[in-house]
Amino acid sequence: MGSPEGRFHFAIDRGGTFTDVFAQCPGGHVRVLKLLSEDPANYADAPTEGIRRILEQEEGVLLPRGRPLDTSRIASIRMGTTVATNALLERQGERVALLVTRGFRDLLHIGTQARPDLFDLAVPMPEVLYEEVLEVDERVVLYRGEPGAGSPVKGRTGDLLEIQQPVDLEALRGKLEGLLSRGIHSLAVVLMHSYTWAQHEQQVGTLARELGFTHVSLSSEVMPMVRIVPRGHTACADAYLTPTIQRYVQGFRRGFQGQLKNVQVLFMRSDGGLAPMDAFSGSRAVLSGPAGGVVGYSATTYHLEGGQPVIGFDMGGTSTDVSRYAGEFEHVFEASTAGVTLQAPQLDINTVAAGGGSRLFFRSGLFVVGPESAGAHPGPACYRKGGPVTVTDANLVLGRLLPASFPCIFGPGEDQPLSPEASRKALEAVAMEVNSFLTNGPCPASQLSLEEVAMGFVRVANEAMCRPIRALTQARGHDPSAHVLACFGGAGGQHACAIARALGMDTVHIHRHSGLLSALGLALADVVHEAQEPCSLSYTPETFAQLDQRLSRLEEQCVDALQVQGFPRSQISTESFLHLRYQGTDCALMVSAHQHPATACSPRAGDFGAAFVERYMREFGFIIPERPVVVDDVRVRGTGRSGLQLEDTPKIQTGPPHVEKVTQCYFEGGYQETPVYLLGELGYGHQLQGPCLIIDNNSTILVEPGCQAEVTDTGDIRISVGAEGPSMADTRLDPIQLSIFSHRFMSIAEQMGRILQRTAISTNIKERLDFSCALFGPDGGLVSNAPHIPVHLGAMQETVQFQIQHLGADLHPGDVLLSNHPSAGGSHLPDLTVITPVFWPGQTRPVFYVASRGHHADIGGITPGSMPPHSTTLQQEGAVFLSFKLVQGGVFQEEAVTEALRAPGKISGCSGTRNLHDNLSDLRAQVAANQKGIQLVGELIGQYGLDVVQAYMGHIQANAELAVRDMLRAFGTSRQARGLPLEVSAEDHMDDGSPICLRVQINLSQGSAVFDFTGSGSEVFGNLNAPRAITLSALIYCLRCLVPLKSEGCLAPVRVIIPKGSILDPSPEAAVVGGNVLTSQRVVDVILGAFGACSASQGCMNNVTLGNARMGYYETVAGGAGAGPGWHGRSGVHSHMTNTRITDPEILESRYPVILRRFELRPGSGGRGRFRGGDGVVRELVFREEALLSVLTERRAFQPYGLHGGEPGARGLNLLIRKDGRTVNLGGKTSVTVYPGDVFCLHTPGGGGYGDPEDPAPPPGSPPLFPAFPERGSVFEYRRAQEAV
C-alpha cells in the first residue's frame, strides 16, 4: 500500500450494520472511525462519508457533504463490501435471462435435487436468480468414435469432442431481441461442456453484445470448471450481481473529483485478494466483507504468535464466523451463499447461527440457544424495543457488559442506554419455566437463581460454538488445542476465554484493532490476479512438460495483469496449483508445491505429486498408491505485494495499570469483584489477572478467573488461558449440564463421522457420505446420532439392542461386532453396522456402545451394486451378517470376514462381493471411527467420572422421551382445538396392490400414542418387504416433520403394532431391498395422510442402475413434492426418506457411456388444488454402449393422493425408445439389455394437490427470502452433503 509521502491511505469495510474506516494519514499515524452503513438522513454513502470526516478532521478544513471530494491527497482506497451479499440475500439484483442448452431449461431449478431441510414438508428453497430461460439449439458431447460420428475437435482440457449440433444463431437472434423488448439486459450463458469447448458460448456472447445487452456472463469465462450446475449458478450470480456492483462503484466514484481517476481503488474479493474496481465481479464478491477479517488475523496474529496455527473467531450480533490459518489461506472452490452454489475460489469462512443476538429458550428440560436470532431490529431485550431474551442479555445480567461503555443509541428514539432491567425481566420469564420444570418435573431439584440460569445459557452457547471449531480442525486432521484463538468482532471478547478453555487452547490473541480487524485486513492485503483453466491430463512423467507449459502460460497472464496495475516485477510473486484426485474418485484437492521443490521426477514447477500424497494422508489417513492421479484444473495465483506497513507505536507503560472502576461479575460459584480497564490506557508489559474487563470503543473483553492478560509490544492483548478446573457435576439431573452433555455427546457422534469419512476409501462413504455414527448407553438406548439420514433414524438402536440380547454374556473386551440382517435391526444388506462394546476397569458389562453404519457399494448378490430389482430371497441381495465378530480379542478377523463376503458366490446365479478391497478398507474405517468415539467418551469420563457420564446418558434418553411426550400432548391439543379427532387412520397401496394400513390413537393425558399397522398386506414374493427397522425410521421421520422435535430415535411413549409376517415385518429370509427405497416412502405417505399434514409426494426414489463388464452406475431421481396447508409442492426435488444428490450432467457424460438428452420438469404432473402439487421430472438417457438397465420404481399404478379436494399427482412412467423407433413401456420394475442409440425416458411422479382447485388461490405475498444469515463454509457443506443421502 506504499504510495507517495504526504497522502492518505484508506481501508474501508462496509458491513451490513456498520462501516469501519481505517486510515493511515500523512506522517504514518493511524486514525479509525466507525459509522452506520445506512443513514440516509445524513449521508448518501457511508465509505464516502467516512473519508470526508477523516479528511476534515486531519486537515482542519470544512468539507461540505454532497460536494465531490478533492482526491489530490488520497493515494489509495481499499474496500470490502456486503453490496453483493445483500443483493443476493434480498434478491435485489439485476433482471437476468438464462441461456442454456436445449433439454436443460430447468437444470438450475432442479440443481442437485436435494432439499436443504430434511424435516420441512414445505421444502422451502431459494428461487433461481434468472427471470426467463431461452433454450439454445447446440450440443457438444465427448467423442467416443461411434459409427457415423464426425471428425473430433480438441477441447482446452485436451479431451476430444464431437460437435453434434452447431449453434443456431439465427433462431436465437429473434428470441434475444424479445428479451430486450421486455427490459432484460443481462444474460447468463451456460452450455454443456463449455468448460472445455467455449466457442459456442463465445458465439452467443458476441451476438448478444451486438444486439445491445449491457452485461453477458459466459460460464466458460466466469469459472471454467467441469460441473454445469455449480458453473451455471455461478454465471447466473455473476450476471445478477455484477451490474449491481458496477452501479455501486459508479455511485461511489461520483463522490470524488475526477471520479477517482488518479487514485488506486481496490476491492476485496472472496478469495482474500484485492482486485481493481473495474475487475470486481459479482461471483467473486460475496465474501468481500468477512474475507478482510481472515486476512487481518493472518497478517498479524499468525506472525506475532510465532507461526502457530490460528483459529479466527469473529462473533457478531447474529452469527459467528470461524476460519483457520496456518501459513496459507484455506480456500474452498464450491460453496453456497443465500442458497446459491458458487464455483469460485473462496476463503473457507464457516458461518454458524450463534451470536450475541441468538435467542434463549427452555424446551422439554433443555437449555437451548438459537438458531433463531433477535436481529438488529428489535434486537435483544436490552435494546428497549421489545425484543426477546438473548445471549447479550445473559451477559448483561451477569455483569459482563457495562451499559456505561455503550453509546446511548437504544430505545424507540435511539437515544437511551442499554437496559439491564429489560434483560432481567425477559430472563426472569425463562427462569420461571426452568424452575417450574425443576420443581414439578420427573426429577425434582432445587431452584436456580436468575444468575445461574443466565450462566447456564452462556455455557450452552459456548458449547454450541465449539462444535464447528472442532469440526473445522478435525475435518483436516488437526488438533484444535494446537491453535491460538484470534478473537475479533463485537461479541467475541466475552466468550473467548471459555471457548479456548473448552477446546484445550492455551492462548487467546485479541488485536488492538479487533473491532475493525476486517478494515485492517484490507489495509494489509495484497492485490491478487488468478488464472485457471480446466484439464484432463493424468499426472505422469509423460504429461509433465504439458503441465509446465500450461502453468507458464497462466503465470505470464498473472504477471502481465499485475504489471498493468503498476506493480514492478520485483513486487510480484506467483504460486502454481494443480487440482488433483485419484482416478475414479471425486475427492479432488487443490495443491500447491511451494513446500515441495521440483525433483528429477516432477514438473519444473514443483513436486505436486508429493504435496498431494502428503495432504491426502494428513486429511484422510491413507493413500491409494496403485491408483493413477488425474489433473482436473491448472491454476496460478499472482500476488502484487502492496500491504501497508503499520507505523503507529503502542503506548509504553508508565506504572501499574489504571483501574477505571471495580464492578461485580458473576462466575461459577457467585459474584466476584472485577476490575475494569480501558484498553487505550494500557501499555506494553501491563499484566492483568482474571477476573477483569478490558473495554475499548468497539468491544468488551472478559478475562475469566484463572486466566491472565498481558499487553504485547504491538499493543495487542494476549490472554494465557488457565486449565479447566475439576468438574463439580454429580449424577443428579441438572438441566444446564444436560444441555452441555447433549452438545458433547452430539459432537462425539459428529467427530466419529469425520474420522469415518476421512479414512474410508469408497465413493459411497467418502464422497456421498452415506453413513451414520452413534453413541448408545449401557442398555443400548440411543444417546446421540449424526447425521440425520432418514432411513437410519432410530434404526441403529434396534441393531445394538439385538446384539445385547443375542450375545448376552458372550461380549468381551476387544470385540467388535458386524451386522446387517433385517431381523437384527438392519435396513438393507449393503448397510453394514459395526458395533463396539466399551468396557471399563472394575465393570463386568459394557458401560456404553458406539456404532457406525455405512452403505457399501457392493456386497455380492445377483446384480452389481447389491440392489437387484427382481430379488425374491435375502440371499440374492448379498452377504448376510446376523451377529458376526469382526474383531475378536483385538484382532481384525480378515480371513473370516473375507470368506463371509465371498459366500454369496456359492449360491446359484449370485456373486460374492465384487469389491473386497473397498469392503475391508471401509470396515476398518468404521472400526477406527468407533475407536475415536471410545477415546472421546473416555476423555469425558476422565473429566466427570464414569457414574456422571452414565447418569447423563440416561438423563439424555429420559429427556428424549419427555420431549416426545410434550410433542404428542402439544400435537393432540392443537388438533383438539381445531376440532380434529385424536384417532386417525389412512390406507394406501403399493403398485402390486399390497395395502399399507394405519390407525393412530393419541392419549393426551399420558402424552403417548399407538400406531397400529394391522391390516397391512402380507409379505410379498418380490423385494418390497420393509424390515421393522425401516417402518420405525419412517415413523420417527414423520414425527420430526410434524413437530420441531430434535430427539432422534426415542419411541418410548409410542406403541407400534406391526403384524408379524406382513410386508412391514417380513420373515427373516424375505428379500427387502425394495422395502428400503420404495415401501418406506409409502409408509411415510400413509402416516402423513392420516394426520392430513400434506398431500402425497412422488412416493418413489426412482432407482436406476446401469452396468456392464466395464462400468456400473446407480442414481435415484427427483419428482414432485406434495402440497400442504399454505404451500405449493416443490417441483423436481427428492422427498421424505431419501435426499440423494444426482450426478452432474457433465460428470455423467464424461465417465459413463451415456448422453443426457433431457433433464427438465414435467409440466402439469403435479396435482391441481388450491395449492398445487410439485411437478415431477423428465430424464432421457441415450446409451452409447451395450449395458444392462435396471429400474426399481413405484407410483406407476397408484397415483400420489391429493387432500381436501386436491387432485392426485400424475403417475410415473418408464419408457424405452429403441434405436429403430419402437417405444416400450418397461413397467415399474425390470432389467433389460440396452444397445447404442436406445433411449431410456423416465417420467417421475408429481405430488398431490391440496384443497379444492376451484377455491380462490391465496393472495400472492412477497416471496419468502432465504434466512438473512444462512450458514456457510465447509462444515455446513459437509452437513448438507451428509443429509443429501
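Bear in mind the structure is a predicted one, so any value in this text is a computation, not a measurement. Only heavy atoms go into these numbers, but all of them, side chains included; no hydrogens, no water, no symmetry mates.
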- Which word best sums up how the rings of Tyr952 and Phe741 line up, parallel for under 30°, tilted for 30 to 60°, or perpendicular for over 60°?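 Rings of Tyr952 and Phe741: parallel, under 30°.
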- Assign the ring pair Phe437 / Phe362 to parallel, tilted or perpendicular, where the plane angle (0 to 90°) is split at 30° and 60°.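 Ring orientation, 0 to 90° scale: perpendicular.
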Gap separating the [atom1] atom of [X] from the [atom2] atom of [Y], nearest 0.5 angstrom:
| X | Y | atom1 | atom2 | result |
| --- | --- | --- | --- | --- |
| Leu982 | Asn1003 | CG | CG | 9.0 Å |
| Leu775 | Phe745 | CG | CZ | 6.0 Å |
| Ser449 | Tyr666 | OG | OH | 4.5 Å |
| Arg1040 | Leu121 | CZ | CG | 12.5 Å |
| Asp506 | Ile719 | CG | CD1 | 12.5 Å |

Is there a donor-acceptor contact under 3.5 Å from the side chain of [X] to the main chain of [Y]?
| X | Y | result |
| --- | --- | --- |
| Gln957 | Gly781 | yes |
| Asp393 | Ala381 | yes |
| Ser436 | Met432 | no |
| Arg384 | Pro412 | no |
| His955 | Thr731 | yes |
| Gln950 | Val847 | yes |
| Thr973 | Arg969 | yes |
| Arg501 | Gly722 | yes |

Ionic contact status for [Y] with [X], cut-off 4.0 Å:
| X | Y | answer |
| --- | --- | --- |
| Glu433 | Arg363 | no |
| Glu750 | Arg470 | no |
| Arg459 | Glu463 | no |

- Task: Tell me yes or no: between the side chains of Thr392 and Asn395, is some donor less than 3.5 Å from an acceptor?
- Result: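 Per modelled atom types, Thr392 and Asn395 side chains form no pair under 3.5 Å.
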- Task: State, without any angle test, whether Thr700 and Gln494 hold a side-chain donor-acceptor pair at a distance under 3.5 Å.
- Result: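 There is no such pair between these side chains.
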Compare all side-chain heavy atoms of [X] with those of [Y] and state whether any distance is below 4.5 angstrom.
| X | Y | answer |
| --- | --- | --- |
| Val850 | Phe776 | no |
| Met505 | Ile311 | yes |
| Met465 | His743 | no |

